[in-house]
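A short write-up of the structure that comes next.
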Amino acid sequence: RRVHGLACRHPGAQAFATSPAVHKTSRVNPHIMVISIFAARQPAHATRLTLEQIRDRLYHMLSDCKDMATQRAIYKINLAGTPGDLWLLRCDLHQCIARVHDQAEATRRINALLDAFEGWVPARQLTAIQA
């Protein structure tokens, strides 16, 4: 399958052939098309948080966790380049908090982050963790 002169192996490539950011990224490596679609998504909300504001909320959430796993999670937060990358760290953050407190507290804190990702993550993915 070819998308704008590029050989593309992704089965849904034709559906995403209209986004210029996807084409720019897919010229580099057609195998990362799904990731680039997620990163290139433009938020619909005018009141969305910036990347730094989301990072600050994650740091605050981990402020009372001081173990080595938390330090690794903070390092991953620092490396994240998009809000989508931060969204994918929820599992690591949940484990860090659950080790220090308990699973119920970890679930409460992670669920409190949902509004921070509105406009950055597709709405169907913004679901609360069930306790």
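Position 1 is the first residue of the sequence, and the numbers go up from there.
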Between [X] and [Y], is any pair of side-chain heavy atoms under 4.5 Å apart?
X    : Y    : value
D67  : Q71  : no
L62  : I77  : yes
R57  : I54  : no
M61  : I110 : yes
P83  : V121 : no
F117 : L86  : yes

* **Short side-chain to backbone donor-acceptor contact, N111 and A128, under 3.5 Å** => no
* To do: Could you tell me whether a side-chain N or O of D102 sits under 3.5 Å from a main-chain N or O of A98, the two making a donor and an acceptor?
  => no
* Apply salt bridge (charged side-chain N to carboxylate O under 4.0 Å, His left out) to R108 and list each qualifying residue two or more places apart in sequence or on a separate chain. => E105
* side chain to side chain contact (heavy atoms under 4.5 Å, CB included) between L114 and W87, intermediate numbers included -> CA-CA 9 Å; L114 292 178; W87 175 254; 3.7 Å; yes
* To do: Using a cut-off of 6.0 Å, state whether more than 12 heavy atoms not belonging to Q103 lie near its atom CD.
  => no
* To do: Please lay out, stage by stage, how N78 and Y59 fare under the test side chain to side chain contact (heavy atoms under 4.5 Å, CB included).
  => CA-CA 10 Å; N78 292 335; Y59 296 144; 2.2 Å; yes
* Do you see a donor-acceptor pair shorter than 3.5 Å between the side chains of H101 and R109? -> yes
